[in-house]
Amino acid sequence: MPEQTTTPSAAGSAIDPRRASSASRDTAGASGDRDARDAARRDPESAAERTLRRRRLLTGRGAIMIYALLGTLLVCALTVPRFASVQTTGFLLLDAIPILMIAMPMALVIITGEIDLSVASTAGLTSAAMGVLWAAGWGIPEIFVVCVLIGIGCGALNGLLVTAIGLPSLAVTIGTLALYRGLALVVIGDNAVADFPPALTSFFTSKIGATGIPTAMIGVAVIIAFFGVLLHFSSFGRTLPAIGFSKEAASFVGVHVGRAKFWMFVATGVVSALVGIYWTLRYSSARSDNATGIELAVIAAVLLGGVSIFGGRGSIPGVVAGVLIISSVSYALRLGGISDVVLNVVTGLLLVGSVVTPSLIAVVREKRRTRRAARDVLAASAADAA
Amino acid sequence: MTIDPTSDGPSPTATVLELRGARKTFGAVVALSSGSVRLRAGEINALVGENGAGKSTMVKILAGVHQPDSGDFLFDGHPIVFRSPAESKAAGVSVIYQEPTLFPDLTVAENIFVGRQPTTRLGFIDRAAMRADARALFDRLGVPIDPDRVAEGLSIADQQIIEIAKAISLDAKVLIMDEPTAALSGVEVERLFGVARALRDRGSAIMFISHRFDEVFGLSDRITVMRDGAFISEHTTSEVSTPEIVRAMVGRDVDQLFPKQEARVGDTVVRVDGLTRAGVFHDVSFEVSAGEIVGLAGLVGAGRTEVARALFGIDRYDAGSVTIGGRRLAPRDPMASIRAGIGFVPEDRRKQGLVMDMSVSRNTTLTLRTTLSRLGLVSARREREAAADWSRRLQVKTGSQELPVSTLSGGNQQKVVLAKWLATDPTFLIVDEPTRGIDVGTKSEVHRLISDLAGRGIAVLMISSELPEVLGMADRVLVMREGRLTATFDRDDATPETVINAATGAEPAHTTTTTETRR
Amino acid sequence: ALTAGSSDGDATTGSGSDGEQSIAFVPKQLNNPYTDVVLGGGEEASKSIGYDYSVVGPLEASASSQVTFINTLTQQGANVIVIAANDPDAVGPALQEARDGGAKIVAFDSDTNPDYRDVFISQVEAKDVALIQIRQMSEQIGGEGDIAILSATANATNQNEWIQYIEEEVDTNPDYAGINIVSKVYGDDDDAKSFQEAQGLLQANPDLKGIISPTTVGIAATARYLSTSEYKGEVALTGLGLPNEMREFVKDGTVTAFALWDPAQLGYVAAYAGQALVDGTITGAEGDTFEAGDLGERTVGADGIVIVGPPTEFDADNIDDYDF
Amino acid sequence: MTTSHALAPALGTGRSPFASLVRQREVPVASALVVLVIVTTIANPLFVSAQGVKDLMLNATITVIMAVGLGAVIITNNIDLSVGSILGLVAFGTGSVFAAAPDIPIVFVFAIGLALGALLGAINGFLVTVARVPSLVITLGMLYIYRGVNNAWAGGQQYFAGDRPAAFGRLSVDTVLGVPIITVIAIVVVVLVAVFLARTRPGRDLYAIGSDDEAARLFGIPVSKRVLTAFVLNGTLTGLAGVLYASRFNSVGATTGTGLELDIVAAAVVGGIAIFGGSGSVVGAAIGAVLLTTITSSLTALNVDKFWQQAIVGVLILTAILVERIASIRKARRLRTSEATNA
Ligand SMILES: Nc1ncnc2c1ncn2[C@@H]1O[C@H](COP(=O)(O)OP(=O)(O)OP(=O)(O)O)[C@@H](O)[C@H]1O
Ligand SMILES: Nc1ncnc2c1ncn2[C@@H]1O[C@H](COP(=O)(O)OP(=O)(O)OP(=O)(O)O)[C@@H](O)[C@H]1O
Ligand SMILES: [Mg+2]
Ligand SMILES: [Mg+2]
């Protein structure tokens, strides 16, 4: 073995895993000022790094969506009379809550590369069950428990069919979309149950003091925070984009891909069930057709919020902004006396525009680049051939 | 002897397709810096170069899949750039890509004839004629593949044969074959060569890529050598020897490439016993000890990756067991394997090794996600620290830890993969094609790293299709063929001949005398 | 006199400009021909009382879809909200909020829970509507046989009330002892769905003698199915329909007779009731009276219900006299 | 070594006509349809009366045409969720054409409807292929946009059957040999599209693209052009369905066709078209559509509680994809073991 190619020992010891791991164990270890000092000394992030990280944070898709939301709100407030009011906050959020809630787990499901179309049906089934149980004299706490169990069940069935049997989630959830809505009809038929305790129903339309913010938003905020932390700060959340990017890459680092997806479907089921409860009590009406059709609105909002339909990319702040943009625009249009007709077109244009524009720019840029290169090569070849 | 590619070669045949000084980059990766090749009518030109030399990239430029960033491109003496595979095909260029590109849902016959199926007078596809044509092609290649079965589930070899059938059926002016023989047996290779010679004699220009010198010398009229994305030299086959070609390919003496440290081999760390997966590999048993590098050699498709995947828990296995540190490892559970101290650097960096959209730092710490977190929440600061720490140790070259890992060059990407596994403090590391597609400089760094690891007592299983790499690095060489372990050699017994024989089954008598499969 | 032009129920902007009173109609669903006639009456009356008129509403008739529109009306400070509820309870809290904001609530066509509105403008006495339909059916099928009901949505308040009266009548009136209601189906006021439900009814009940469809969409769809099938003239059809939609089928013999009130009057009276509430002429208490333009004086009955007028029966002889 | 010697019998890919018939992907769904009809008829003979059969065919017609069109798109591993909205626009457009020109020849109306459908489909296809954006996202957006346009155009306006010439309405009443005219149109469509997909080069290209679009590109197949073709074909057929809708049903307006998209996707999937493209046939999709519409009629004819109907449809869809999956797993296993034994 020639001397000069063997590693200088410095480089060798640098990669000593034992040393490295003991170092990381140090930092993992409890407290002590030695640790803090070490960290301060060792925190490797240079100023340049930090700026870059911040800049990426401020120019990411999530950030852009937040700017877009602020812009939307500003334009609405300036152009639509009465938009800038406390009442708007209340009504707008009350309408947005179901979409906002389901969009959270849906974002995670789509980030892992799957989709769930059965969410609205799950909410409908929950609502139906709630009505029947209430009419049968059950107590509210028990009913809530049953509702959540229904959500778990619906989500688990989707999850099992997708992960254990390996069926495509798009097809599976079209099936369960029909099935769960059908079961809602079976459960409650054409009846409507409306005599929920007024104290409870008025709670769901009540506002926090004079802020105009619905009290229910507290719960919704908890849900948003939960999924935000789960996706962005938890070790589990680290694996979700990896799953969406490549199942293989994820399983190589020990991610239980099937298990993770399964739980995401269950989470979607549970949140859908909560939406079923919210819907029932907000409108004080338990019916089989509650929340019909909101699945597409949820997906539209999630995609607008910057989640890639192929999986692997997306952020919770972006999705929240996406939902709120659509809700604000729709509320502003209604308040401005513009028909829902326009709203449909606006929603569609937002969705199509938000995905087509960046992609089109990239395609055009790439085309231009290769065309220019090709032209250069052609010219050079011609010159050489001559 | 070396010939300047711009001057005319010894035989005065017409140049059909020529690429000169072509450059192609993918983001930060320079796949081709100055690629040149000249294909002449009635001549077979073999293109050789190490993994990652840029051969396939050049093939893809000739095929219109990629467009060169700069360089000269001439077809029949006229300047040209193919903007799509359709254009090159229309011009009479027929290509066999390195990765089979079949349509799994279509039948074998359709796979060959898609887009130009024989039709009846009414313009409808004539299935019977298509079937007959396919069968005639297979007869020509001497293989009985059922034209009516779907392509899904075909072996790599059969897929490769269909690719060949597809390409030769075009009767193209130019035929380009990127490692068509990698998965083929001797008989099939001979048949393919027969067909290729016949095409050449009818005036086709043929380009042929292979890592096997016997094939290169057996078939080609000329040899073009590439290294690090650049043209090195062109030779007339009859006037050049293997060592000359090898020197041109690696640019230095082989021995220098692999700085193997002498290792103190310790206790057995991993035992694999009778591992079997129906139809993929059978009864595979071996041991790896602390500080030992075990090389696993074999032809592409021999099942080496499959064994490693099953061992690690990615795929299931039907029988057998894996023991690490004296404890039986749970099957189908990569997490358990990681906890037990196994690391796995997979062969496909871009799809298996990394999450390309994620930052360098996130990728590096993906294996540490639980260690770095408290109550399930990851500490961003500790994540950054750990990532920076490991990047520094492995000397990963990147603008920033926060950049997506896709912006790194191939070698640096591979270092990130290594870093993320070293960070788990493994006792047993599997590396599958650790230097596939990375430049020579980084390559020896990677070798040094692996060698160092063994020196520090880690047991290493190294799967590699590069014979010199295996021979240079391994303390012991295992050879697989068709899903079975066929031979084991100690470092001193392992020579290119013995290993290739065991891998191809060419001279079984010879292998049995020198080796004995350890059970 | 009171016929509605084809007003398109498009949402007309109606921010109650200062000083002017505003009245907003919230139909079950926009783009429904019956609704358009009703709104025509509402628009005419609104103009004559000098109120700022607007229509807002959902594109599909689901229980909760009206709430957000009530909310925006509340915020716009509409003085009168006239609503045909898709669900009597779902709109409740929102209406309550509107009332808290000072709006008067007039229900029409389909009632809300009485707690949430001031008055309900009913087409006619619910029972009358039911009785006319079952009487017409009995006449057409000779007093006995199996009949079925094809309704709108399963939750439609008014339809369910009529159906209930029809069922009671069939059970108690000896004249109808031979009549059997064998099936009840719902076409959801969707043309295609009603069409298929009609077809399913005939297949599932080979002996069916007649179908009662107390909804304009349902009766038209059923008539269309019958007129194109071998059941034309064999199976009787009656119910509530718009003369303009049914004319063809009355003429070709698919339908002998059906009923309806003049829907335009409904909207017309609703607008005047709204004005009376705003002016304080009425409070919604039983016995209050108000002047409803050309239609003369109306009295608020029990539970705040105002009856518009008797239903009209249409047949081949008189149908050409009507244009709505 | 691994070439497949004499594997034909083992795989059952032999040319025995019966064997290959049984392996057709359409077989499970077709059998399910037959069983359904038989069971229903036993319980209620009226189900297959002349009128009953006519109704069944009429019910299926529009769904069949749309399922065939969407099937072609799904085979390329794309999807078009905007079909319900396209149908609505064309149906209302048909009504408007007759309202504007009551004497217009019916052929012209068909031409206009088909052209409008083709245009709308082309817009989808254009966005999908040029912007290279996933079709699910694009067509979800277009679902909203087309529906919004329909609402804006139609407003409260509705056109009734009475507004259209009687001859137009009679298309969905009159029969040829007991088969309604519009059903004859549907059958012709199925046959034409089936032949196109199975027996022409561009048709087979669609399968290749759905099977592996990267390989198709490498192979020199004009992928964008073909995918665009599939979207235009789907738009055209949906346009045809829209015209027929106006012929068959009483009213066309702003909401016509709302929510149809998932039914059509379900029909295609039940009919054996793999949701990720590459396999299945439009004949299967057509049978799937017939099965889904028949099951509704059949449950009514059987007097099954109407509340159960939708749940049963859901179970049916899940069963269909499960059966499909099991069949493909078994096939894969068979192919693998046959490889192994031949190795
Ligand atoms: N699409 C791509 N994106 C990024 N890098 C690429 C891409 N294609 C090739 N490369 C890189 O370009 C370099 C040359 O690769 P190429 O496939 O041409 O090598 P090769 O000579 O064919 O090797 P082998 O013998 O292994 O087939 C490698 O470093 C590879 O990782
Ligand atoms: N999922 C699968 N089902 C059936 N056969 C498979 C499957 N995966 C791999 N095989 C077969 O297993 C054999 C070995 O595969 P593979 O090519 O990965 O081996 P390898 O020795 O790791 O080759 P290399 O690493 O050089 O690419 C091949 O014959 C392949 O066709
Ligand atoms: Mg290559
Ligand atoms: Mg391998």
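Residue numbers begin at 1 in each chain, while the letters A, B, ... track the order of the sequences.
For Val130(D), the parts lying near chain A are the backbone and the side chain together; criterion is any non-hydrogen pair under 4.5 Å. Both the backbone and the side chain of Val137(D) come within less than 4.5 Å of a heavy atom in chain A. Both the backbone and the side chain of Ile138(D) come within less than 4.5 Å of a heavy atom of chain A. For Leu170(A), the part sitting under 4.5 Å from any heavy atom of chain D is the side chain, from C-beta outward, and nothing else. At a 4.5 Å heavy-atom cutoff, the contact between Leu127(D) and chain A is made by side-chain atoms alone. Contact of Ile312(D) with chain A is not made at all, since no heavy-atom distance falls under 4.5 Å. Using a 4.5 Å cut-off between heavy atoms, Ile79(D) contacts chain A through its side chain alone, with no backbone atom that close. Residue Leu350(A): no heavy atom, backbone or side chain, is found under 4.5 Å from chain D. At a 4.5 Å heavy-atom cutoff, Leu304(A) makes no contact with chain D through either its backbone or its side chain. Proximity to chain A is limited to the side chain of Ile275(D), based on heavy atoms less than 4.5 angstrom apart.
Listed here is the closest heavy atom pair of Val356(A) and Ala131(D): CG1-CB, 3.9 Å. Phe276(D) and Pro168(A) get closest at one heavy-atom pair: CE1-CB, 3.3 Å. Across all their heavy atoms, Gly148(D) and Asn344(A) have their closest contact at CA-CB, 3.7 Å.
To the nearest 0.5 Å, atom CD1 of residue Ile174(A) and atom CG of residue Asp263(D) are 9.5 Å apart. Taken from CD1 in Ile321(D) to CG in Leu167(A), the straight-line distance is 5.0 Å, to the nearest 0.5 Å. Here Ile145(D) contributes atom CD1 and Thr347(A) contributes atom OG1; the two are 9.0 Å apart, rounded to the nearest 0.5 Å. Atom CG of Leu183(A) sits about 13.5 Å away from atom CZ of Phe307(D), to the nearest 0.5 Å.
A donor-acceptor distance shorter than 3.5 angstrom exists from the side chain of Arg325(D) to the backbone of Ile165(A), with no hydrogens or angles considered. Here the side chain of Tyr180(A) pairs no donor or acceptor atom with the backbone of Gly314(D) at under 3.5 angstrom.
The choice from Ala171(A), Gly175(A), Pro358(A) that makes the most heavy-atom pairs within less than 4.5 Å of chain D is Gly175(A). No other option in Leu262(D), Val269(D), Leu81(D) has as many heavy-atom pairs under 4.5 Å with chain A as Leu262(D). The residue among Ile317(D), Val133(D), Leu140(D) with the most heavy atom pairs within less than 4.5 Å of chain A is Leu140(D).
At most 12 non-hydrogen atoms from other residues, nucleotides or ligands lie less than 6.0 angstrom from CH2 of Trp308(D).
Residues Tyr144(D) and Leu296(A) form a side-chain contact, since some pair of their non-hydrogen atoms from C-beta on lies under 4.5 Å apart.
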